[in-house]
2 protein chains.
Amino acid sequence: MSAGDNRLVTSPDVHAEEPDLASLGALLADSTRAAICLALLDGRAWTASEVARLAGVAPSTATSHLNRLVDGGLLAQERRGRHRYVRLADSGIAEMIEALAARAPRRLVPVRSLTAARRHRAVGFARVCYDHLGGSLAVAMTDAMTARELLSWESGPALTASGTAWLARLGIADEAAGAAGRPHVRTCLDWTEQRPHLAGAVAAALFHRALEASWLVPGDGSRVVRLTEPGRDALRRHLGLADEALSTG
Amino acid sequence: MSAGDNRLVTSPDVHAEEPDLASLGALLADSTRAAICLALLDGRAWTASEVARLAGVAPSTATSHLNRLVDGGLLAQERRGRHRYVRLADSGIAEMIEALAARAPRRLVPVRSLTAARRHRAVGFARVCYDHLGGSLAVAMTDAMTARELLSWESGPALTASGTAWLARLGIADEAAGAAGRPHVRTCLDWTEQRPHLAGAVAAALFHRALEASWLVPGDGSRVVRLTEPGRDALRRHLGLADEALSTG
DNA sequence: CCGACACTTCGACGCGCGTCGAAACGTCCC
DNA sequence: GGGACGTTTCGACGCGCGTCGAAGTGTCGG
């Protein structure tokens, strides 16, 4: 797609291709770059300065990290005037990072303030997971959809007929069949709950709808998402969620 | 599970947990460790010496790498007499590594000999993918199953009714419903083909069956799997695979 | 046109870690 | 018991890379 394609310079039979796991690992092996990737899981495009501030490093340091992440294909960038916007390259990369984060060991971070503690609980409850919802709320929704047989799990997650109808009632056409044979009811291992929540195109559409209807509103510039009172109502009505599932753990 | 669990030492509200992506990345960031993980994707248990020889490092170096991989939870080990056997910790780890390998950049490795070249082509054709089949053959089988409507892709990969019947005809009970609501028709991004092939419990059972029936036989101690003449026959009969799909690219 | 700002380049510093060989330990076989 | 073998521990070496500040380039606004 871009320049610098090295598949053309190799003569046919003296070289073979192997996946270079190490170079991808090295990209994630630095704590600053890891923090950047995790922050970018909110799906937004960040400026280089924002990234530097979040990661707590000098702007020059951020530049070199962003260069490596872009070169490695993890990030896409767009230069606009004096700003450099970066975001995750595509949803596949986001999936990969989520999958890794779910399996990574836990690190204990000191909580500096009361608002930070509150935010941390909020992250566990509802957060953006690139293009869909994550957190205990998302897991509860997935469980409820399973219990109501909107979602079936025998041989992989899939919408049932009533699931498709349920979506239609919410004003969401089944976008799963859209992308030429590529599945888009997936699941995503929630890294706070260690249980799967709904992902893929259907989850993205659902999330989009919830934002439109102001059931969910973007939080304070991080991945946090807040559930509004109409949202609580809707989830009670449409999925029969109990009140325990509808508030911060 | 093991000792050194640090979840117990934190007092309730001054610390919060975050995924430590960097430490997991660091585990994979070294080319020797990456080679080890890739080799272990064959699902076998290797001794430390075998690992050292494969990676081309001194035994002492291999020891330290294996220690780190075991401590990091990627590998499980079993000590038997003077031997130390290591293997991937579980199928989840194998999935994660496959997912990473599929997205990792390609590295050009010089092919030293004619047999190495042959082996490389064989790896692209059919190889062990932890507990199931990978390579162009696996992709072709997946495509054929889709074409014959044994496999459906709307809203995620799933067996159709005729797919379940087809499996039963091969002597495979639907083991997908076994593990309490956890899906086990998955797909796996094939890193040679960059297209999905069947994975999960069903694929594992299918692979196991093919080995039993000697349709496939383990290759020369690497991930390579050979397709036998009866195997070719069976794939023609059961899936209508064309001859192009049945031989090394 | 000039100052503020976003970002980049460069050079220098220092730590972390992958590497090895030598030597020790434990196990197995004769 | 003795010798071969698989594995581990230890210490030493050296490279790679993340870090910063200072200076430079480009862009926007007044």
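Letters A, B, ... are given to chains in the order of the sequence lines, protein chains preceding strands, and every chain is numbered from 1. Keep in mind it's a predicted model, so treat the numbers as computed, not measured.
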- Send over the distance from Arg53(B) CZ to dC5(D) C1', rounded to a whole Å. 13 Å

- Query: Mapping Ala62(B) and Val57(A) to their closest nucleotides on DNA chain D, which lands nearer the 5' end?
  - Reply: Ala62(B)

- Query: To the nearest angstrom, how far is Leu28(B) atom CG from dC17(C) atom P?
  - Reply: 15 Å

- Task: Using a strict 4.0 Å threshold on nitrogen-to-oxygen distance, state whether Arg209(A) and Glu212(A) make a salt bridge.
- Result: yes

- How close or far is atom P of dG6(D) from atom CZ of Arg80(B), stated in whole angstroms? 16 Å

- Distance in angstrom units between His65(A) NE2 and dT8(C) P, rounded: 13 Å

- Please round to the nearest 0.5 Å and tell me the distance separating atom CG of Leu100(B) and atom CE of Met96(A). 5.5 Å

- Which whole-number value in Å describes the distance from Asn67(B) CG to dT19(C) P? 14 Å

- Can a side chain N or O of Arg79(A) be found less than 4.0 Å away from OP1 or OP2 on dG26(D)? no

- Would you say Arg84(A) reaches dT8(C)'s phosphate, i.e. side-chain N/O to OP1/OP2 under 4.0 Å? yes

- Message: So for Ser64(B) and dG18(C), does any side-chain atom that can act as donor or acceptor lie under 3.5 Å from a complementary atom in the base?
- Response: no

- Message: So, OP1 or OP2 of dC5(D): does either fall under 4.0 Å of a side-chain N or O from His83(B)?
- Response: no

- Query: Quick one: CG on Asp90(A) to OH on Tyr130(A), what's the gap to the nearest 0.5 Å?
  - Reply: 6.0 Å

- Message: Would Arg127(B) and Trp191(B) count as a cation-pi pair here, with the cationic atom under 6.0 angstrom from the ring centre and within 45° of the axis?
- Response: yes

- Query: At under 4.0 Å, does any side-chain N or O of Arg82(A) touch on OP1 or OP2 of dT25(D)?
  - Reply: no

- Task: Take atom CH2 of Trp46(B) and atom C1' of dG6(D), then tell me their distance rounded to the nearest Å.
- Result: 17 Å

- Quickly work out the Tyr85(B) OH to dT27(C) P distance and round it to whole Å. 15 Å

- Query: Thinking salt bridges, do Arg186(B) and Glu98(B) make one under a 4.0 Å N-O criterion?
  - Reply: no

- Decide yes or no, distance alone: a donor-acceptor N/O pair under 3.5 angstrom between the base of dG18(C) and the side-chain of Thr32(B). no

- What's the CD-P distance between Glu50(A) and dC5(C), to the nearest Å? 16 Å

- Do any side-chain nitrogens or oxygens of Ser60(A) fall under 4.0 Å of OP1 or OP2 in dT8(C)? no

- Message: Categorize Arg68(A) for me: base, sugar-phosphate, or nothing, with a 4.0 angstrom heavy-atom threshold over every strand shown.
- Response: sugar-phosphate

